[in-house]
Structure formats: structure tokens, C-alpha cells
Amino acid sequence: MGLMGGSFNPLHLGHINSLLTVKERFQLDKILIIPAFQPPLSTPLTEASAMQRLEMLHQAFATEVFLEVDGQEIKRKGTSYSYRTVENIAKEIPVKELFFIMGLDQFFTLDLWKNVPRILKNTHLIVTSRPKDHFPKKQEELPLIIRSNIKSWVSGRILLKQPFQSVFFCALKDREISSSLIKARLKNRQSIAHLVPPTVDHYIKTHRLYGIHSQFYFPKRKAFLHFCKTELEKKKSLKVKDFDLPSGALPFSDGLIASGSNPRHTKALCRHLKKRVQEAFNIQPLAVEGEKEGRWIVLDYNEWVIHIFYDYIRSFYKLEEIWRGKP
């Protein structure tokens, strides 16, 4: 079983990529997502309440069998210390091994954490990196608690001296996505639909979190999505699909996914759709992302989001497995 803590303020596709990569690479049966009430080394979390962050996680992972949201740190309130959570889980859940998943930035602050030996006794650490990050190569680059307990260090794994377990390094292949980037984009009224799950995008807009202060007009679902699908198909778009939110989260689909045969085709589809939506509904997208490159274009119409992929990129990211694409 894996354990992944954090503020998730908000959850984004970087988190999800980390979860999927770690699950596959370490063959985990389940991962618990554990949002903190207040991380010890962070400034007070004010943009979204603890219950709102918890609800975004519940909605995003409602249909995922191997992912489970654990709200114990939010229920405890106060400062969230990982050693308490790890010990609770180790006592209550009978599993063969526990793996505590953290980012490289968190790993480098490990000496500042409270009661780290009590964490290392109960779990392995899996340390993930973003594309531009570099894992430690020398002992002096490691946190002191790790450096002073090395038994062996081979091929991305540090075996620690008893009674501690191991540290694994796991490189991620994704884009640079961070919560601070998402908040900055929202405050500048830019789309985040390509950075977060659809449920999270909708929740943030509905509750006007992270600096959103405006209400936007949007057309009725059925007419708008049918119109967009028809217009895309007129221009030979490939595999146009609705994508659905988890069952029961909301009573409607959240948008469309479509493909172009190459970047030039995706740009043409984008231009055509913007023009026809303007003519039919008299609205412009709140934001358009990726139109210059044509690899993954996002048209954000607030309530409805249209993703137009170069088909190769669509198959590479496999977003429909996360978003539950519905033909």
C-alpha cells in the first residue's frame, strides 16, 4: 500500500501522474490519499478550506478502485504530522509493506520533520522527481537522517540500516505543474482545464476559489455539446467523445475530447470551432491554451471544456482513463 500526503491545494494532473507512475512501477495494490489539515512547514492554508480540499479529492477519485481518500488528518485538525498518520495506518491496516510517497522537495526537508525515525521504521520512502529535478548523487546531498543510516546505495535504492527500511527514487515523465502555477493562472483569469481533473476545475469555478470573482454565462449542455461535436465532425475530427465526471458527482458531462490527425489539423479545428460557437451562441472561450503548438488545445467555456489533441499526444497521455471517456 502506498501513502501520499500533502495539502492538495488544489489536486492537479501532476499529482495524478505521480500516483499512476508509482502504482505501476512498484506494483502497489492501493494508494491512500491523505490531505493535511495544516502542513507543519507551510504557511496557513487559506484559499480553500480543509473540507473543500477533501471534497475535491473525493470527487476526483470517486470511481478509482485503487485510490482511496483518507481524511484522518483533517478530522484531527491542528498541525498534521506524518509520523502519527503512518503509525495509525500501520496499526490499523494489515498490509505486507507500506510505501510513503513524497516529492524530491519534501525529501530535502526531511531533517526538519518531526519524529522521522518513527516514519522510517514503518514505511519505505518513494521519492519522485519532476522532469527538471535531479536526484542526489553524493551522500552529502542527502538529508542527515538518511546519510547517517545508509547500508547500501545501488540503482536508485538506498537500503537503510535496521530498524529502518529503504528509500527508492522514481523519476516522473510529465510537465511542470504546481499548485502555485494553478493559483496564478486563476488570478489572471486563465484556464486551468488542462492542469486539473474536470471535477476539480468545476468545483473551483462553482465555489469561486483561488481568486475567482466572476460569474460567466454558459449555454445549455445538450445544445452546446451537440453543436460542438457536430462542427468538429464536419471538419473530419477523429474520435469525438463526451467525457463524464464520476457517477453522482454532477448531473452532466463536462465537455468533449477530439483529435486531429496532425498539429495543423488541430489548429484548424480550433479556429473553426471558435468561429462557429461565436456565431451560434455569441460567446468566446474564457481562455485558449496550446493553439500555437497544436499538440493539445484547450478551449475553456467555463462550464464546458473542449480538448482537441494531436491524436498521438492523446494516446500518449491516456487522459480518458482518468476522465472516464464515454462514446
Side-chain angles (χ1 to χ4, degrees), residues 1-9 12 14-36 38-43 73 79-91 95-181:
M1 177 180 286
L3 313 175
M4 186 174 184
S7 60
F8 301 103
N9 191 33
H12 53 69
H15 294 130
I16 292 177
N17 178 62
S18 178
L19 292 165
L20 295 176
T21 301
V22 167
K23 178 190 182 297
E24 181 177 346
R25 191 165 302 177
F26 293 89
Q27 298 182 337
L28 303 181
D29 296 308
K30 179 175 282 189
I31 300 178
L32 296 185
I33 315 299
I34 311 165
Q38 175 57 54
L41 303 180
S42 298
T43 55
E73 292 187 355
T79 303
S80 301
Y81 292 111
S82 296
Y83 79 92
R84 291 178 181 167
T85 304
V86 168
E87 288 181 338
N88 286 344
I89 292 170
K91 290 176 183 176
V95 293
K96 184 177 180 181
E97 290 180 291
L98 288 175
F99 294 81
F100 191 93
I101 305 162
M102 63 171 60
L104 186 59
D105 53 344
Q106 294 174 305
F107 178 70
F108 284 136
T109 68
L110 203 59
D111 288 329
L112 302 177
W113 290 32
K114 191 169 184 176
N115 292 329
V116 177
R118 290 166 69 172
I119 297 175
L120 297 177
K121 286 179 182 178
N122 287 287
T123 72
H124 302 288
L125 300 186
I126 297 177
V127 182
T128 63
S129 72
R130 293 173 180 170
K132 294 180 182 180
D133 290 341
H134 298 285
F135 289 126
K137 295 182 179 179
K138 301 176 182 178
Q139 287 195 20
E140 53 265 32
E141 297 174 344
L142 297 168
L144 182 60
I145 184 68
I146 302 298
R147 190 190 321 165
S148 58
N149 285 284
I150 296 175
K151 183 176 181 181
S152 64
W153 186 357
V154 181
S155 300
R157 177 183 180 178
I158 300 175
L159 181 63
L160 300 176
K161 297 175 183 176
Q162 292 294 325
F164 300 147
Q165 301 196 42
S166 297
V167 179
F168 297 89
F169 295 102
C170 178
L172 303 177
K173 296 179 180 179
D174 64 357
R175 298 170 302 149
E176 288 289 343
I177 303 176
S178 66
S179 296
S180 58
L181 169 65

The reported gap from CG in L125 to SG in C170 (rounded to nearest 0.5 angstrom) is 13.0 Å

K23 atom NZ, neighbour heavy-atom count above 12 within 6.0 Å: yes

Rounding to 0.5 Å, atoms OG1 (T21) and CG (L172) come to a distance of 5.5 Å

Distance col, row N115:CG vs L120:CG, nearest 0.5 angstrom, shows 11.0 Å

CG (L28) and CE (M4) are apart, to the nearest 0.5 Å, by 12.0 Å

Heavy-atom closest pair (K121 atom, Q165 atom, distance to 0.1 Å) is O-NE2, 3.1 Å

> Does the side chain of V116 reach to within under 4.5 Å of the side chain of D111, using non-hydrogen atoms?
Replying inline: no

Heavy-atom closest pair (I89 atom, M1 atom, distance to 0.1 Å) is CG2-SD, 4.5 Å

Q) Within the side chain of T109, is there an N or O that forms a donor-acceptor pair under 3.5 Å with the backbone of Q106? A) yes

Correct closest heavy-atom pair for A171 and S129 would be CA-OG, 3.4 Å

Is the closest side-chain heavy-atom distance between N17 and I177 below 4.5 Å? no

Can you give each donor-acceptor pair under 3.5 Å made by side-chain atoms of residues 155-164, sequence neighbours left out, with the distance rounded to 0.1 Å?
{"residue": "R157", "atom": "NE", "partner": "S166", "partner atom": "OG", "Å": "3.2"}
{"residue": "R157", "atom": "NH2", "partner": "S166", "partner atom": "OG", "Å": "3.0"}

Heavy-atom nearest pair, S179 first then N9, reads CB-O, 3.4 Å

Is any side-chain heavy atom of M102 less than 4.5 Å from a side-chain heavy atom of S82?
no

**Asked** How about I145 and W113: do any of their side-chain heavy atoms sit closer than 4.5 Å?
**Response** no

Handout entry: D29 atom CG: more than 12 heavy-atom contacts under 6.0 Å
Key = no

Inset, instruction - State, yes or no, whether a side-chain contact exists between W153 and V167 at a heavy-atom distance under 4.5 Å. - result: no

- Message: Counting neighbours of CD on E140 that are heavy atoms of other residues, nucleotides or ligands and sit closer than 6.0 Å, is the number greater than 12?
- Response: yes

Looking only at heavy atoms, the pair that brings E141 and F108 closest together is O-CE2, 3.5 Å

Output for pair (F8 CZ, I33 CD1), nearest 0.5 Å, gives 5.5 Å

Residues passing the ring-ring contact (aromatic ring centres under 6.0 Å, His included) test with H124, sequence neighbours excluded, are F99, F168

Does a side-chain heavy-atom distance below 4.5 Å link K114 with P40? no

When every non-hydrogen atom of S18 is compared with those of I101, the smallest separation belongs to OG-CG2, 4.3 Å

| said: Main chain of T123, side chain of E97: is a donor-acceptor contact present, judged purely on distance under 3.5 Å? | reply: no

Exercise for review: Report yes if the side chains of Y83 and P117 come closer than 4.5 Å at any heavy-atom pair, otherwise no.
Suggested key: no

CG of L3 to CG of N122, rounded to nearest 0.5 Å, is 10.0 Å

Worksheet entry | Within-4.5 Å side-chain heavy-atom neighbours: P136 and L104 | yes

